[in-house]
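Residue numbering restarts at 1 for every chain, and letters A, B, ... go by the order of the sequence lines. Side chains included, hydrogens not; waters and symmetry mates left out as well; all remaining heavy atoms used.
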Protein chains: 2
Amino acid sequence: MMADVQRLETGNGPRAAILNAAMRLFGKQGYTGTSIRDLATEVGVLPGSLYAHIQSKEALLVEIVADGIHRFITAVEPHAHGAGSPVDRLRAMIVAHVEVVAENPERSLVVFHQWRFLGESSLPAAIERRQVYEGCFIKVMEEGVGQGLFKPEINQRIAVFTILGALNWTPEWLSPDGRLTAQEVGSLMAETLLRGVLA
Amino acid sequence: MMADVQRLETGNGPRAAILNAAMRLFGKQGYTGTSIRDLATEVGVLPGSLYAHIQSKEALLVEIVADGIHRFITAVEPHAHGAGSPVDRLRAMIVAHVEVVAENPERSLVVFHQWRFLGESSLPAAIERRQVYEGCFIKVMEEGVGQGLFKPEINQRIAVFTILGALNWTPEWLSPDGRLTAQEVGSLMAETLLRGVLA
DNA sequence: ATGCTTTTAACAAACGTTTGTTTCTCGGCA
DNA sequence: TGCCGAGAAACAAACGTTTGTTAAAAGCAT
């Protein structure tokens, strides 16, 4: 009954083309604002043809969101558990996050905005993964305060949400082919955000 | 031919009830994810009955977004053109923004996330108003740098987007009846964000 | 000729909206 | 007080379209 989980292959093939088109459209128009016919047009195929490669519209969203969160966690979590000081680790996490956004801003838009439309069966897992991600930042923040590196009087919850808010908004304005590289943008944001919490 | 522009009345009446319900649903499920039947159910009325009070689904969005942006501009713009130092003005703008969000987080979600779904006739005006709003922050930022109050080496564009990103994300987590008042949350965020740009 | 993929056509359901009619509320007049 | 008509609101039903999805037939490789 439980079908094999379909994995997102970065390789070629019609399946990857569909997923890329879905990322673009879900990011631009939202999940509920994108129809299967929109998607088929973008791919260059008739609507029914899509179902030879996908299970359902929602399965597309599940795969994009799950894979997207995975990329963020994979890129950021090692720094959270790293060896350096909390300050350096937080800086590295911010840069890594921006780099993942720059790699594909549309996917990031889907990950951060469209996850609400996951069905009841896949939503809990996605929320849990998001909390794992937020937990990385909270952990480093707590350690920073514990070591006297961050201002003790800051509200940790609000500081984390401030940082995550700034980060989550980046796909709205970041252009991967702008003058600055993702690494430079990330460093500038880290500079700005870190000074707000340093002791 | 041009009908009178319908104004958002804070007063009672079925029209206000519809607008409030639309704010809640558009904020939670998105504009395209909310059907007229959803809205009618929320109001407690049959779908067709709504059209005695509204012109169309899109007209609802137009009114909510236009009124919402207006509230933010009204609350923040005076501080941008105020007499104090750029530092104090930026702080006051951040606090004012958070206060408007706290006043109605759902409306803020619609303003910042759903404006994309405005039709071609109303979208340009909304974008222009948003740019006016962003311009307030850019202006103060420039003056702060000009007066040597803000670090000259910061990238002003990125600093503004970092601040606005943190602010635009607040409706996702801010609860108006939490332990902290909106004014306190705004002050804490301003503290965090301002130290990142101070010279 | 056997497997994929696409096309074609259609399905039931949900979409935004309009219509004609009923129900409710309330002020004025006898 | 009792009746009446006016206005506002909601109902019930349907409209044409679009939605996600499917089944059968056709195309095309190996």
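Checking side-chain atoms of R91(A) against main-chain N and O of A190(A) turns up no donor-acceptor pair under 3.5 Å.
For the pair K57(B) and Y31(B), the cation sits on the ring face: its NZ or CZ lies under 6.0 Å from the ring centre, inside 45° of the axis.
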**Fill in**
Protein heavy-atom contacts under 4.0 Å, written 5' to 3' over nucleotides 3-17 of chain C as B (base), S (sugar-phosphate only) or - (none), form the string --SBBB-B----BBB

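By the salt bridge (Lys or Arg N to Asp or Glu O under 4.0 Å) test, E172(B) pairs with R116(A), sequence neighbours left out. By the salt bridge (Lys or Arg N to Asp or Glu O under 4.0 Å) test, R24(A) pairs with E42(A), sequence neighbours left out.
For an aromatic pair to be called close, the ring centres must be under 6.0 Å apart, and H79(A) with F72(A) fails this.
Atom P of nucleotide dG20(D) and atom CG of L25(A) are separated by 12 Å, given to the nearest angstrom.
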